[in-house]
Protein chains: 2
Amino acid sequence: MTELEEYLHSYFDFDRTDLATVASFFKPEIVRKGEFYLKTGKPCNKLSFIQSGMLRIFVDLEDREVTQWISTKGYFITDLSSLVFEKPSRWNIQALADTALYTIDKRDYDRLGDFIPKWPVTEKLFIAHCFVTLEDRVFSFLSMTAEQRYNLLFESYRDLFNQVPLQYIASMLGMTPETISRIRRKQLS
Amino acid sequence: MTELEEYLHSYFDFDRTDLATVASFFKPEIVRKGEFYLKTGKPCNKLSFIQSGMLRIFVDLEDREVTQWISTKGYFITDLSSLVFEKPSRWNIQALADTALYTIDKRDYDRLGDFIPKWPVTEKLFIAHCFVTLEDRVFSFLSMTAEQRYNLLFESYRDLFNQVPLQYIASMLGMTPETISRIRRKQLS
DNA sequence: TTGATTTCTTGATCTAGGTCAAGTAGGTTG
DNA sequence: CAACCTACTTGACCTAGATCAAGAAATCAA
């Protein structure tokens with residue numbers, strides 16, 4: 001299997017033929033550090049898999065930016081509401097480092113079901129999984145302190161903390177960089 | 001069309017035949033005020049549509065309850081991670097008032113695709129829609145004050161505020177009942 | 001109708017986390 | 001190897017919202 005097929009295999013329960021078919025629609029793409037994969041308001045007509053690098057999903061408010069999430073190696077990236085419902089994108093998506101992607105464009109994405117009969121079911125399961133993850137995230141805001149949310153993210157996504165400016169991690173946790181700094185110091189002792 | 005078909009029609013782009021087919025799998029069910037539709041840890045083997053009444057989705061922590069959401073007339077209810085992935089339920093779901101449901105059990109739910117070819121695609125769209133809604137909810141915690149979150153919910157879900165104890169609404173907004181009380185008073189003037 | 005419960009409001013006080021400002025430490029570029 | 005960014009830390013102070021406690025209104029039960 002190619003590297004991309006290996007990755008797809010980790011998400012989708014397909015046989016080799018299906019994997020090869022799906023993989024054949026994905027084309028390599030590079031987004032340089034600082035460049036935008038997507039801008040708010042534009043249609044998002046693609047779905048990508050991150051082979052290396054990192055992308056930050058954020059929104060521009062009048063007085064500040066809010067980082068919704070940072071996606072790294074081994075995860076998919078898109079603006080789902082734009083891709084699926086053809087609405088203007090709600091998110092900016094920008095590379096935090098040189099990033100290598102495999103990208104499928106919307107036209108091909110919409111035809112996957114024609115080639116792979118169980119694609120719609122598989123896709124449903126995938127999106128359901130994403131939904132459940134977000135439910136947990138909402139719950140973390142309802143039930144946890146800043147420090148608890150920090151610890152949870154740190155344990156489940158340790159990679160981020162070496163590579164990403166703290167301010168972005170703070171924003172996606174709903175706190176300030178100073179707060180993270182203080183949590184860290186506290187935890188040294 | 002029956003009432004249930006009307007409701008389904010508002011969610012799903014099906015013709016009359018498909019609507020009737022789907023509807024035929026749903027059976028009426030009553031949950032009395034205070035009774036549980038689902039308890040944490042049990043498998044959730046059903047999906048329901050709320051015809052009247054209200055259900056509260058919550059988690060028991062050691063020292064308090066956290067309300068994740070309250071679902072009312074015209075919405076679906078289930079524990080998706082349990083229904084789809086056959087895991088133990090994460091949520092308690094309890095009736096806040098006598099509640100009339102139309103319920104499909106998991107066995108039938110899993111067979112809908114056999115009767116309605118476009119079910120998997122439709123279901124995907126439905127879950128994608130739920131995902132996008134949750135993205136917005138996460139974003140509200142990252143970017144809004146308590147008062148802004150309160151106003152947003154109030155505008156989009158006014159029904160709740162007459163019928164539901166304030167403490168539950170407060171919990172699902174991630175604040176205390178006292179805070180809501182003060183926001184209200186402030187907004188009188 | 002009346003007592004009993006539950007919910008909601010209000011005030012007093014407290015605290016987690018925000019804001020502002022200054023300093024420090026790594027990287028990177030000429 | 002400066003000079004310059006940019007990221008990170010720290011301290012002083014502030015504030016949104018929590019907590020605690022006491023009443024006031026509803027709601028319910030009989």
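Here is the naming used below: chain letters follow the sequence lines, and residue numbers restart at 1 for every chain.
- Note on B:L173: it does not cluster hydrophobically with B:F58, by side-chain heavy-atom contacts below 4.5 Å among ILVMFWY residues.
- Annotation: side chain of B:D79 is in contact with side chain of B:L38 (closest heavy-atom distance under 4.5 Å).
- In this structure, B:M175 places its CE atom 20 Å from P of D:dT15, rounding to the nearest Å.
- Following rounding to the nearest Å, A:K186 (NZ) and D:dG11 (C1') show an atom-to-atom distance of 18 Å.
- Here the side chain of A:T145 is nearest to one of C:dC8, D:dG17, C:dG17, namely C:dG17.
- For the pair A:E147 CD and C:dG17 C1', the computed distance is 12 Å after rounding to whole Å.
- Linking Ile, Leu, Val, Met, Phe, Trp and Tyr whenever their side-chain heavy atoms come within less than 4.5 Å leaves B:L101 and B:I30 in two separate clusters.
- Rounded to whole angstrom, the span from the CD1 atom of B:I183 across to the P atom of D:dG17 amounts to 7 Å.
- The closest side-chain donor-acceptor pair between A:T176 and A:T179 falls under 3.5 angstrom.
- Looking at the side chain of A:S181, the nearest of the listed nucleotides C:dG11, D:dT9, D:dA12 is D:dT9.
- If you measure from atom CG of A:L166 to atom P of C:dG26, you get 15 Å, rounded to the nearest angstrom.
- Between the CZ atom of A:R149 and the P atom of C:dG17 there is a distance of 7 Å, given to the nearest Å.
- Of the candidates D:dG11, C:dG18, C:dT10, C:dG18 carries the atom nearest the A:T176 side chain, counting heavy atoms from C-beta on.
- Atom CZ in A:R182 sits about 11 Å away from atom C1' in D:dC13, given to the nearest Å.
- The ring of B:Y150 has its center closer than 6.0 angstrom to the ring center of B:F161.
- Atom pair A:E178:CD and C:dG23:C1' shows a separation of 14 Å (rounding to whole Å applied).
- Residue A:Q167 places its side chain closer to D:dA7 than to any other of C:dC8, D:dA7, C:dT19.
- Residue order along DNA chain C, read from the 5' end via each residue's closest nucleotide, puts B:Y168 first among B:Y168 and B:R185.
- Here the side chain of A:P165 is nearest to one of D:dT10, D:dA7, D:dC20, namely D:dA7.
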